[in-house]
Participant: 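Attaching a single structure in structure tokens format; questions to follow.
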Amino acid sequence: MSLTGLILYGALPLLTLAMLFAFIRLVRGPSLPDRVIALDLIATMAIGFTAVYAIARNQPALLDVAIVLALLSFLGTVAFASYLEKRI
Amino acid sequence: MILRDIVTIVLIFIGTSFMVIAGIGVLRMPDLYIRMSATTKVATMGVGSILLAIAVYFQELGITSRALATVAFLLLTAPVAAHMIARAAYFTGVPLCNLSIADELKGHYDLR
Amino acid sequence: MSIVLACLSGFALAVASPWLYRLARGATGWLLALFPAGLFLYFSSFLGTCIAGNAVYTAYPWIPTLGIDLAFFIDGLSLLFALIITGIGALVILYAGEYLHGHPHLGRFYAIILTFMASMLGVVMAGNLITMFIFWELTSISSFLLIGFDHQREQSRAAALQALLVTGAGGLAMLAGLLLIGQANGTFALPHLLSQGGAVRQHPLYLPILLLILLGAFTKSAQVPFHFWLPGAMEAPTPVSAYLHSATMVKAGVYLLVRLGPVLGGTEAWHYLVTTAGAVTMVIGAVLALWQTDLKRILAYSTVSTLGTLVLLIGLDTSLSIKAAMVFLLVHALYKGALFLVAGAVDHAAGSRDITQLGGLARAMPITATAAVLAALSMAGFPPMLGFINKELLYEAKLQAPRASELITTLGILANVALVGVAGIVGVKPFFSKRHTTLQHAHEVAPALWIGPLVLAGWGLFNGLWPDVLVNPLITAAVNAVQPEITSVELKLWHGINPVFGLSVITVIAGVGLFLSHDLWFRENWRAWLLQTTSRISPQRLYELGLVGLNKLARAQTRLLQNGYLRYYLLTIVATTIGLVGYTLFMPGLPTVTTESKLDILVHEGVIAGIIILATIMAVTTRSRLAAIAAMGTVGYGVALLYILFSAPDLAMTQFAIETLTVILFVLVIYRLPRFALLSSTPARIRDALVALLAGGMMSLLVLAAVAGPFQSHLAPYFAAHSLDLAKGRNVVNVILVDFRGFDTLGEITVLSVAALGIFALLKLRKEH
Amino acid sequence: MVSLILSTAVRYIFPLQLLFSIFLLLRGHNEPGGGFVGGLVVAAAFSLVALANNVWTAQRTMGVNPRVLIGVGLLAAAVSGLQALIAGQPFMTAAWIARDIPVLGKVGTPLLFDFGVYLVVIGVTLTIIFTLMEE
């Protein structure tokens with residue numbers, strides 16, 4: 001089984017499955033912070049997904065996307081948090 | 001499958017399994033605060049190991065340094081984000097689950 | 001070169017005239033009148049060449065690509081018109097100087113009237129259809145300005161607008177016709193058109209062309225359905241009515257018909273349309289003229305009737321009828337111009353234009369009275385006057401009309417009887433009937449006011465007695481220009497006793513009888529009844545209803561489309577997009593969406609797509625705005641992942657960055673929005689859902705169609721190949737953005753900047769309120 | 001309720017983000033990146049500072065009013081195009097410096113144009129975010 005095959009049919013489906021779980025939490029999440037966490041988790045998983053896909057397709061350029069995502073994803077969480085605090 | 005590929009695939013699978021555990025954790029945990037502990041720590045570990053896989057697989061200075069920079073960066077931002085959300089949740093009165101024994105923070109903050 | 005100067009110098013003088021007026025004050029009228037007089041002499045120098053039958057054509061390229069050049073073409077026909085325009089122009093300007101003496105805007109009046117004269121000259125001398133059209137529209141505009149000269153009065157503003165709308169609409173139709181003619185013949189140049197006129201007649205679009213041109217001519221020359229603007233135009237000061245609305249501007253339609261006769265004429269359609277329109281206008285104009293009380297309105301309606309006769313003669317299309325039309329053109333210009341100026345003098349001196357009050361002014365205004373009588377005689381067609389010769393010619397032409405000559409002759413007699421009556425009412429009654437109202441202060445008017453009428457009426461007498469001195473050559477030149485076979489025209493005062501003379505005598509007797517019995521049949525109640533019944537179905541009423549309808553339509557349409565609700569704007573935009581995209585998509589010829597393209601997507605791609613769809617549904621159905629934001633965040637991340645799957649790092653990066661900033665923006669905005677409430681009713685929500693689904697469906701079909709079709713773009717390889725050597729960059733996406741298509745990006749960032757400034761202004765503005 | 005942890009963390013993350021955005025901008029020609037993404041990253045960085053403390057500190061750290069950046073950016077982009085006109089070529093033709101600059105590699109007007117885009121994007125995003133936050 002080649003490396004890419006393993007990844008494409010092994011790792012990636014699992015990753016997207018995990019993403020689905022996070023999304024279910026986002027849908028069900030009773031309070032807003034739950035949804036925010038789910039979104040943050042999806043973002044982290046997206047970083048993972050990009051990195052794995054970079055290996056699968058042997059394209060180091062995709063790594064930069066992962067960096068940008070890492071830089072910015074936590075900004076959303078902070079924005080939600082500051083909004084929540086200001087509203088009370 | 002040379003050694004490099006084997007190590008990469010092992011690291012990737014470790015990372016992916018962490019991710020799935022994080023997913024399950026966020027779904028099954030009873031209340032917000034426990035869920036957060038699951039997601040933040042575990043997910044960061046997962047991404048960390050995947051990025052290590054990249055460093056191992058591409059073996060070029062430029063790429064490895066960027067991969068390690070991302071890991072460092074994630075290690076820096078994830079806890080801060082988790083902290084902020086927990087703070088906001090606690091202040092907005094997100095309840096602890098009924099199983100929790102005690103709320104050590106009660107009384108320390110002048111909740112409006 | 002001199003022709004262009006002659007024609008366009010009018011505009012220059014028009015611009016200078018307000019300052020000239022400030023300098024020369026009272027004498028400006030006399031000074032400015034010299035200019036048209038000079039032009040009159042200049043144009044009569046062309047008489048020699050035109051009689052010999054050849055024409056002068058000079059052209060300067062103006063818009064060569066469209067085949068439009070500033071061309072001037074003088075032949076007998078345009079010469080006749082040019083002489084009328086400049087001759088009467090001089091007298092009218094002189095007259096206006098005195099008539100409007102002391103008026104605050106007299107300088108502006110001179111400017112507009114000179115602009116009109118120059119543009120009228122332009123119409124009759126234009127050698128290119130489009131140049132003629134431009135001058136044609138200029139005359140409409142100057143007529144609008146002149147009718148509405150006394151703009152304090154509401155009626156004059158309404159009349160000016162009415163005139164502009166009717167003639168303007170006709171002009172628009174005519175433009176379409178002219179363009180089609182130019183397209184059919186391949187050129188707009190007049191001499192070329194006249195020489196091979198046949199091409200348009202065989203052209204499949206001949207009928208629409210004819211209708212469009214006729215529409216333009218009939219609105220300008222006030223033929224029946226469109227005649228109502230002419231009596232309305234009497235709101236203008238009298239010199240304007242004398243000049244524009246009797247002698248020159250309303251004849252532009254007649255000129256157009258005669259000029260394009262060789263191009264469009266000779267067919268059945270031309271004959272029937274033009275003749276019937278002319279005959280109907282002739283009769284209605286004459287009948288209505290009898291029943292008016294205001295001096296100028298009587299003259300206006302009689303002008304409508306005369307225009308009808310002219311159009312009728314052109315419709316008959318025999319060389320005799322064209323000759324009769326040319327003579328009538330000249331005669332009418334002379335006596336109608338004189339009568340209008342007399343009406344102005346009477347109004348100026350006696351203070352009223354109502355014929356029921358006017359009477360016995362001859363003693364007080366002897367010279368004006370003589371001019372009035374002479375003009376009236378010419379109008380009625382009494383022997384020594386040119387009008388008599390003209391009436392004879394009219395009857396001769398009508399008798400020999402190719403078809404339905406009896407009907408046309410009887411209608412002609414009827415109209416002429418009415419005109420003789422009108423001549424009496426206008427020319428004779430105010431001066432010689434016993435005075436039964438208190439108009440003592442009537443006094444003879446200043447010389448400038450009676451020179452005009454006297455010269456014009458005198459000219460009618462002189463030409464009547466010795467026609468071959470001036471009239472014959474001019475009319476020969478005019479007729480030759482239009483009729484191919486050169487026929488020398490000899491007008492004689494006396495043709496001996498023949499049926500035509502008999503008809504003429506009958507008409508005169510009946511007319512005089514009509515005039516003398518004026519007080520018998522001219523009952524106020526009859527008049528009121530007639531005007532009341534005709535006004536209900538008159539075109540004037542249709543015009544007013546049309547305007548009201550238009551306003552209502554505009555209001556309804558605005559209420560519908562601009563109702564201030566953002567969602568309706570969105571709805572309209574989306575609906576139109578679906579309509580257009582749908583239409584093109586299902587048009588035949590497009591690669592149909594092949595359903596059997598095998599689905600070779602991998603598991604992870606499927607899951608991501610699933611997550612995107614679920615997140616969208618959640619975003620739409622959730623009741624909490626923040627949940628919606630989170631859901632949209634997921635959609636954004638999903639799409640970015642798709643970009644990664646198709647290995648487009650640049651796009652993915654931008655998408656992630658945009659996603660995060662959008663979340664921030666939403667959070668900032670949400671903070672200020674009111675509590676979440678379900679505002680729209682369920683049917684509205686269903687409708688919106690439907691439109692959304694349709695839009696989504698359409699877009700996906702579009703993508704499938706695009707993918708299904710054979711994709712052979714030669715752009716991608718070009719950019720990929722040249723990205724390195726030309727633009728020295730390996731990242732093709734950025735190279736395109738910055739270098740190859742840099743200009744588009746420049747546009748985009750400008751749009752971004754303007755958007756940002758707009759938002760800044762809106763937010764800042766809101767704070768002040 | 002400014003969280004001490006966040007503002008200290010931001011004090012470390014902020015320079016990293018700026019550095020990375022410059023990195024993205026300069027190598028945009030050869031690898032993924034470019035003016036647009038770089039600008040967005042800087043805008044995110046400054047809005048993070050604004051979220052962590054308050055809008056006025058963010059504006060002070062930025063030093064220049066974002067609307068000025070829009071103007072300067074557009075000017076830079078236009079100038080990079082106009083220089084071709086001055087040199088007699090059609091508008092927007094690129095002009096390159098002959099020698100390769102060690103770090104950046106080829107440098108030329110497209111880079112200036114990219115820098116213009118970079119500034120405009122920063123200006124646009126921050127104008128909107130700062131105006132919203134100022135209320």
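Since the structure is predicted, the reported quantities are computational estimates derived from the model, not experimental observations. Sequence lines set the chain letters: A, B, ... in the order given, protein chains first and strands last, and positions in each chain run from 1.
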Participant: Might you confirm whether atom OH of C:Tyr569 has over 12 heavy atoms from other residues, nucleotides or ligands at distances under 6.0 Å?
Facilitator: yes
Participant: Counting heavy-atom pairs under 4.5 Å with chain C, which one of A:Leu17, A:Ile67, A:Leu63, A:Leu39 comes out on top?
Facilitator: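 If we count pairs closer than 4.5 Å to chain C, A:Leu39 comes out on top.
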Participant: How many angstroms lie between OG1 in C:Thr660 and CZ in A:Phe74, if you round to the nearest 0.5 Å?
Facilitator: 11.0 Å
Participant: Quick one: CZ on C:Phe656 to OG on A:Ser73, what's the gap to the nearest 0.5 Å?
Facilitator: 9.5 Å
Participant: Where does A:Leu72 contact chain C at under 4.5 Å (heavy atoms): side chain, backbone, both or neither?
Facilitator: both
Participant: Evaluate side chain to side chain contact (heavy atoms under 4.5 Å, CB included) for A:Leu8 paired with C:His604, printing each intermediate quantity in order.
Facilitator: CA-CA 8 Å; A:Leu8 282 183; C:His604 56 269; 3.8 Å; yes
Participant: Does any part of the side chain of A:Tyr83, heavy atoms only, come nearer than 4.5 Å to the side chain of C:Leu668, both counted from C-beta?
Facilitator: no
Participant: Quick one: CG on C:Leu626 to OG on A:Ser31, what's the gap to the nearest 0.5 Å?
Facilitator: 11.0 Å
Participant: C:Leu661, C:Ile611, C:Val603: which one forms the most heavy-atom pairs within less than 4.5 Å of chain A?
Facilitator: C:Ile611
Participant: With a strict 4.5 Å heavy-atom criterion, list every residue of residues 612-619 of chain C that contacts chain A, or say none.
Facilitator: C:Leu614, C:Ala615, C:Met618
Participant: Sort out for me which of C:Val667, C:Asp650, C:Ile644, C:Ile629 touches chain A most, counting heavy-atom pairs under 4.5 Å.
Facilitator: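 Result: the option with the highest number of such pairs is C:Ile644.
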Participant: Other residues, nucleotides and ligands only: do more than 12 of their heavy atoms fall within 6.0 Å of CZ on C:Arg687?
Facilitator: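 Yes.
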Participant: Identify the residue among C:Leu602, C:Val607, C:Leu641 that makes a side-chain contact (heavy atoms from CB on, under 4.5 Å) with A:Thr16.
Facilitator: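 Testing each of C:Leu602, C:Val607, C:Leu641 against A:Thr16, the sole residue satisfying side-chain contact (heavy atoms from CB on, under 4.5 Å) is C:Val607.
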Participant: How far apart are the C-alpha atoms of C:Tyr643 and A:Val65, what are their side-chain angles, what is the distance that settles it, and do they pass the side chain to side chain contact (heavy atoms under 4.5 Å, CB included) test?
Facilitator: CA-CA 11 Å; C:Tyr643 287 144; A:Val65 181; over 6 Å; no
Participant: With side chain to side chain contact (heavy atoms under 4.5 Å, CB included) as the test, would you mind laying out the steps for A:Phe49 and C:Leu645 before giving the verdict?
Facilitator: CA-CA 10 Å; A:Phe49 185 93; C:Leu645 287 176; 3.7 Å; yes
Participant: Quick one: closest heavy-atom pair of A:Phe80 and C:Ala630, and the distance?
Facilitator: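 That closest heavy-atom pairing would be CZ-N, 4.4 Å.
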Participant: Which of the residues A:Leu71, A:Leu14, A:Leu75 is involved in the greatest number of heavy-atom pairs with chain C at under 4.5 angstrom?
Facilitator: A:Leu75
Participant: Do C:Ser647 and A:Gln59 come within less than 4.5 Å of each other through their side chains, counting heavy atoms only?
Facilitator: yes
